[in-house]
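One structure is given below, encoded as C-alpha cells.
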Amino acid sequence: MQHLKTELTILGIETSCDETAAAVVSGAYQVRSDVVATQFDVHAKYGGVVPELASRAHIENLDGVIQEALAQAGATRGDIDAVAVTNRPGLLGCLLIGVTAAKTLALAWDKPLIAVNHVHAHAVSAAIDLDPDGPAPWPAVALVVSGGHTSLLLVRDPLSIELLGCAIDDAAGEAFDKVAMILGQGFPGGPVIERLARNGDPSACNFPRTMLARDSLDFSFSGLKTAVLYHVHGPGKTSGGLSRLSGRNVADIAASFQAAVVDVLVAKTTLAVEQTDVNTAVVGGGVAANTALRESLSAACDQRGVALHLAPVRYCTDNAVMVAALAAHYLRAGRSDPLSIEPRASA
Ligand code: KG4
Ligand code: ZN
C-alpha cells in the first residue's frame, strides 16, 4: 500500500496512559503540531503510573493540550476532516477522558470519529518520517515495546495488522521501570537505566534470557526482574542489599539487565521475520528510544539483509501524531466509528 497523497487533516488525541497528547497531521504525514503533557512529576514518587492520578491529570490537561495543538497547527474546526482517538488498550479511566473529548468534538463539529488501537499506532509510528514518495515499508514485522506492551505484529498494511506474540507478564518497559526502582533510581526507569548502563559492563551479571517455547513469539520479563531483585538483595530477599553496592556495581547491574532485555527483543524480532517471511522490521514504543536496542537491532537486521525502520525517538514514547497518522489510513479507506464507541482496557 502506498502512502497517502491527499491532504486530509486529522486531529489526534491520546490519553491511554500517563501522557496527555494531541496533534494535527495532514496528508502523509505532515506533522503540523505535536503537543504532549507528561505526568512524570505526578507518578515519580510511586515508581509507576497510578491510574486514578493519571485520569485526573488528563482531565486537567486535555482541553489545553487540544487547544495548543490546534493553535500550533494554525487549524480551526473547518480545517479538521476527522477526530481520532486511542480507545484501546490502556488504563480504562484514562482512555475514557480522551474518548469523551473526541466524541464531544466529533459531535459538535460534525466530523467523523475514528477509534485507534494504541499498539497499532505505535506499530506504524516508524513510518511517520519516511519519504511519502518512497516505497511504503509494508509488509513488515512490527516490534512494539513500551511500558504497557511488548508485542510482535505482522503489519500487512496499516489497515491489516495481526498479533503474532506478546508479553505474558511484565512488559519490557515495565521491567525497566521496576529495575530502576530496585536500584533506587527515578521514574520512568528506561532513560535512567540507559544512562547508568553506559558506565557498566553488560557481561558482569549473568541474567536470564527467557525465550519460552522454541518457536514462541511471546515474551516474559518477570523472571529477569526477579533475578535482578535477588542479585541486589541476596537469594530470596527483597530488601537490605542496595546499600552494599558501589556505583560501579549498580552500573554493571543496569548494563547487564539492559543487555538481557535487548538480547530477547532482538532474538524474537528476527525469529518473527523468519517465521513470516517478510523482509522488513519496524520498531516503536517507549523502549524503542533505547540506544542499545536500536544499535543491536540495526546490526542484526543488517546481518540478515532485513530492512529496519526505527520510529524517530520523539515518536517512541506516547504521542498523538501516531494516532492521527494511523487514522488517516482508516479515513481514506472510508472507515470511521459511531459515537457509541467505548474505551476498552484490552485490545
Ligand atoms: O510508549 P510509552 O510512552 O508508554 C506506553 O505505551 O507504555 O512507553 C513508556 C515506557 C516506560 O516504561 C519507560 O521506562 C520506557 O518506555 N522507556 C525506555 C526509554 N525511554 C522510555 N526504556 C528503555 N530505554 C529508554 N531510553
Ligand atoms: Zn504507548
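Sequence positions, counted from 1, serve as the residue numbers for this chain. Atoms within each ligand, like the ligands themselves, are counted from 1 in listed order. Computed from a predicted structure; not experimentally measured.
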Can you see which heavy atom on [X] is nearest to which on [Y], and at what distance?
X    : Y    : result
P112 : D81  : CD-O, 3.1 Å
H43  : L53  : CE1-CB, 4.1 Å
A345 : L92  : N-CD1, 3.7 Å
H58  : T15  : NE2-O, 3.2 Å
T150 : A172 : OG1-N, 2.8 Å
V65  : A21  : CG1-C, 3.8 Å

Ligand-side contact atoms (ligand 1) for residue partner [X], heavy atom cut-off under 4.0 Å:
X    : value
D177 : 11 (C), 12 (O), 13 (C), 14 (O)
H118 : 6 (O)
H122 : 1 (O), 6 (O)
E194 : 24 (N), 25 (C), 26 (N)
P191 : 19 (C), 20 (N), 21 (C), 25 (C)
G189 : 14 (O)

Restricting to N, O or S, what is the name of the atom of H122 that lies nearest the Zn ion (ligand 2)?
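The H122 atom nearest to the Zn ion (ligand 2), restricting to N, O or S, is NE2.
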Taking the N/O/S atoms of D318 one by one, which is nearest to the Zn ion (ligand 2)?
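Answer by atom name: OD1.
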Proximity of F257 and F176 rings by center, below 6.0 Å:
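Between F176 and F257, which both carry aromatic rings, the centre distance is below 6.0 Å.
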[atom] [closest protein heavy-atom partner, distance rounded to 0.1 Å]:
atom                    : answer
atom 4 (O) of ligand 1  : D318 OD2, 3.2 Å
atom 17 (N) of ligand 1 : G286 O, 3.5 Å
atom 18 (C) of ligand 1 : G190 CA, 3.4 Å
atom 24 (N) of ligand 1 : N290 ND2, 3.0 Å

Taking only Lys NZ, Arg NE, NH1 and NH2, and the carboxylate oxygens of Asp or Glu, determine whether K103 and D337 approach each other closer than 4.0 Å.
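Not counted as a salt bridge, because no side-chain N and carboxylate O are separated by less than 4.0 Å.
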Decide, yes or no, whether a salt bridge links E174 with K178 under the criterion of side-chain N to carboxylate O below 4.0 Å.
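Result for this pair is yes, salt bridge flagged.
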So is [X] polar-close to ligand 1, meaning N/O to N/O under 3.5 Å?
X    : answer
G148 : yes
C17  : no
P188 : no
H149 : no
G285 : no

For the residue pair H118 and H149, categorise the inter-ring angle as parallel (less than 30°), tilted (30 to 60°) or perpendicular (more than 60°).
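Aromatic pair H118/H149 classed tilted.
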Rounded to the nearest 0.5 Å, how far apart are CD1 of I253 and CG of D201?
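Reported value, rounded in 0.5 Å steps: 12.0 Å.
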Any E19 heavy atom less than 4.0 Å to ligand 1:
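Under 4.0 Å: yes for E19.
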Report yes or no: does C316 have a heavy atom closer than 4.0 Å to ligand 1?
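Heavy atoms of C316 do come under 4.0 Å of ligand 1.
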Indicate yes or no: at least one non-hydrogen side-chain atom of V141 is less than 4.5 angstrom from one of T280.
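A side-chain contact under 4.5 Å is absent here.
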Heavy-atom distance under 4.5 Å between the side chains of E19 and E14, does that happen here?
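No, too far: nothing below the 4.5 Å cut-off.
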Any N/O/S atom from H118 (main chain or side chain) under 2.8 Å of the Zn ion (ligand 2)?
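Yes, H118 qualifies, because one of its backbone or side-chain N, O or S atoms lies under 2.8 Å.
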Can you figure out which of G173, G147, S16 has its heavy atom closest to atom 10 (C) of ligand 1?
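Going through G173, G147, S16 one by one, G147 has the nearest heavy atom to atom 10 (C) of ligand 1.
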